[in-house]
Amino acid sequence: MSAEAVISSEAEVHKGESARMSSFIGAIAIADLVKTTLGPKGMDKILQSVSDRNNSTITITNDGATILKAVPVENPAAKVLVEIAKTQDDTVGDGTTSVTVLCGELLREAEYLIAQHIHPMTIVSGWRQAVKIARQALESAALDNSSDPSAFEDDLLNIARTTLSSKLLNVEKDHFARLAVDAVLRLKGSGNLDYIQVIKKPGGSLSDSFLADGFVLNKSFGIGQPRRVVNAKILIANTPMDTDKIKIYGSRVRVDSMMKIAEIEEAEKQKMRNKCQRIIGHGINCFVNRQLIYNFPEQIFTDAGVVSIEHADFDGIERLAAVTGGEIASTFEHPELVSLGECALIDEIMVGEDKLIRFSGCKSGSACSVILRGASNHLLDEAERSLHDALCVLTETVKETRVVAGGGCMEMLMAQAIDEYLTNAVAMSASEDLAIETKSSGSAGKALLAVASFARALRKLPTYLADNGGYDSTELVAQLKVAHNKGFKTMGLDLFNGCIADMTGLGVKESYQSKLQVLVSAAEASEMILRVDDIIKAAPRRRDHE
């Protein structure tokens, strides 16, 4: 009995070749969508919200994860590629486009192999062997300079420059690479990016962006309060500080004179005075509140010599609590149970025409803020995404300190290692030491075709890098292949001069963890899609009516 006989008539079932081709088409289409954004010469995409009738909400970016998050997809395989791009962005921060393109190219190669009547499991077997070989080649090429702080800092700078080369910040990559490295080194290996605050201020140029010591809050002090506080004791709260109304729901209060109204108002004020006194009783000289602080309590704080900052966004006070060592309080009856934040100095700084509050000498000692300047909000949004990718990949590099050469070098190196394995496998096809063994020599040969297809997919990445730069990709990739065959293992594509060059000499470095994640994630996702033989679109369950 077929599946259609037992499945609801409203459900759809795609079987066999139809299901597989549907998966291939969807995944390859997603890969083709983002492949033009690959590399330092990649193009940008304009993302516009369909629901925005005024066409005012647009995003200009070449970040693969950002593009795929904004694209609505219905194809199940395409959704898998979107998910691996998100995972790559969350895990490493860089390589989102690379992992999507590599997965698409593997499925394109699988399409050709299946057309030659090679079973999907045979292809999967060959791919697994190819991943093993490529991973070994990647590990052998990785360098670790963590024992030399100066050399490791140079590696971090080179990785940041390489990451930013494919972003909007390419024109100021040296400046922003230094900002990113200084910010990450302040974390002292903790990897907590919450300690790095990014504030966007329109105006000026990208080169005017700077790294501020301490935590910067995009707020201002209360009226008549000092603009500088030394040895600050900070109470961070999320509590209403408006006029504390007497709330009697469902009732009316009738009075027979204006004096009674004045007494009620005085009772409300006294309730707020008591609350403010309990806050001041914590022994603080700075009060930061998530909610508004009205004029009356602000005046009480000013008279007591306490600086008050109102309406700090929730994300801001969460970060502030983390970097100053405080806790967010909402009740104030037990001061001994509240942890106060501490910092050496609170002062006011000017950025353009705006005033910001800076908390310097925070208890954590690793807090810093990056102030981004730019001509427009669209520019600043893309600059923030670019800087976030650089910060993420640098944080991962501090944990996994190995680095590899960039510019398509590692893809060619892994492809060459797979080619060498194929050459040896063909020569030893009659030997028992053949890496892919099956009972049928024909199946073993077909698996070797899958191994070869993995090498071709890897070489597609430098091909697209050259294509996006407007160069003759066939010529450059051929030159690169010859150079690697001659033993020049660090040769890659110099996309600013249109030739091949030594990536170590140019300082084009990438994180080993990022490259490894691209390789493994793309292989696993493509294998998962390849193993699909049925797509079942289940009908929605109907509610039973009595």
For [X] and [Y], test the side chains for any donor-to-acceptor distance below 3.5 angstrom and give the result as yes or no.
X	Y	value
Ser514	Glu510	no
Thr36	Lys45	yes
Ser473	Asp467	yes
Ser146	Asp144	yes

Residues in salt bridge (charged side-chain N to carboxylate O under 4.0 Å, His left out) with [X], at least two apart?
X	result
Lys509	Asp155
Glu400	Arg402
Asp32	Lys35, Arg108
Glu153	Arg178

Indicate yes or no: at least one non-hydrogen side-chain atom of [X] is less than 4.5 angstrom from one of [Y].
X	Y	value
Asn485	Gln416	yes
Asp44	Thr61	no
Thr397	Tyr512	no
Val124	Arg531	yes
Lys515	Leu138	yes
Leu458	Ile418	yes
Asn158	Val508	no
Met412	Val477	yes

State, to 0.1 Å, how close [X] and [Y] come at their nearest heavy-atom pair, and which atoms those are.
X	Y	result
Lys41	Leu495	NZ-O, 3.1 Å
Ala447	Thr122	N-CG2, 3.7 Å
Tyr421	Leu448	CE2-CD2, 4.2 Å
Arg373	Ser209	N-OG, 3.0 Å
Leu206	Phe176	O-CZ, 3.4 Å
Gln513	Val92	O-CG2, 4.3 Å

Any salt bridge (Lys or Arg N to Asp or Glu O under 4.0 Å) involving residues 416-425? Give me the pairs, sequence neighbours left out, ordered by first then second residue.
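Residue pairs with at least one partner in residues 416-425: Asp419-Arg459.
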
Can you tell me which residue pairs pass the salt bridge (Lys or Arg N to Asp or Glu O under 4.0 Å) test with a partner in residues 471-494, sequence neighbours excluded?
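Matches after skipping sequence neighbours: none remain.
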
Taking atom [atom1] of [X] and atom [atom2] of [Y], what is their separation to the nearest 0.5 Å?
X	Y	atom1	atom2	value
Lys173	Leu157	NZ	CG	12.5 Å
Ser140	Leu413	OG	CG	6.0 Å
Phe24	Asn75	CZ	CG	11.5 Å
Leu387	Lys200	CG	NZ	11.5 Å
Asp389	Thr163	CG	OG1	7.5 Å
Leu320	Ile357	CG	CD1	10.0 Å

Given Ile159, which partner from the list Asp154, Val403, Val404 fulfils the side chain to side chain contact (heavy atoms under 4.5 Å, CB included) test?
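Among the candidates, only Val403 passes.
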
May I ask you to decide if [Y]'s main-chain N or O and [X]'s side chain share a donor-acceptor pair within less than 3.5 Å?
X	Y	result
His484	Met491	yes
Thr401	Val398	no
Thr100	Thr96	yes
Asp208	Gly204	no
Asp63	Thr66	yes

With sequence neighbours excluded, tell me which residues meet side chain to side chain contact (heavy atoms under 4.5 Å, CB included) with [X].
X	answer
Ser526	Cys103, Leu106, Leu107, Trp127
Ser147	none
Arg358	Val216, Asp347, Ile349, Ser360
Glu348	Phe221, Arg227, Lys355

Verify side-chain contact (heavy atoms from CB on, under 4.5 Å) between Leu391 and Ile196, making sure each step is shown before the conclusion.
CA-CA 9 Å; Leu391 291 173; Ile196 302 176; 4.2 Å; yes

Counting neighbours of [atom1] on [X] that are heavy atoms of other residues, nucleotides or ligands and sit closer than 6.0 Å, is the number greater than 12?
X	atom1	result
Met43	CE	no
Phe488	CZ	no
His388	NE2	no
Tyr112	OH	no

Please evaluate residues Phe359 and Ile346 with respect to the criterion side-chain contact (heavy atoms from CB on, under 4.5 Å), reporting the C-alpha separation (whole Å), side-chain torsions for both, the decisive distance (0.1 Å), and the verdict.
CA-CA 5 Å; Phe359 297 77; Ile346 303 176; 3.5 Å; yes

Salt bridge between Glu527 and Arg128, side-chain N to carboxylate O under 4.0 Å?
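Yes, this pair counts.
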
Give the C-alpha distance, both sets of side-chain angles, the deciding distance and a yes or no for side-chain contact (heavy atoms from CB on, under 4.5 Å) between Ile114 and Leu530.
CA-CA 10 Å; Ile114 287 177; Leu530 181 60; 3.6 Å; yes

Report the C-alpha separation of Tyr464 and Glu105 in whole Å, then their side-chain angles, then the decisive distance to 0.1 Å, and conclude whether the side-chain contact (heavy atoms from CB on, under 4.5 Å) test is met.
CA-CA 11 Å; Tyr464 292 142; Glu105 290 304 318; 2.6 Å; yes

Counting only pairs under 3.5 Å, give me each side-chain donor-acceptor contact of residues 77-91, with atom names and distances, residues two or more places apart or in other chains.
unit_1, atom_1, unit_2, atom_2, d
Thr87, OG1, Glu83, O, 2.9
Gln88, NE2, Asp94, O, 2.8
Thr91, OG1, Thr87, O, 2.7

Quick one: side chain to side chain donor-acceptor pair (under 3.5 Å) partners of Glu109, sequence neighbours excluded?
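Residues passing side chain to side chain donor-acceptor pair (under 3.5 Å) with Glu109: Arg456.
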
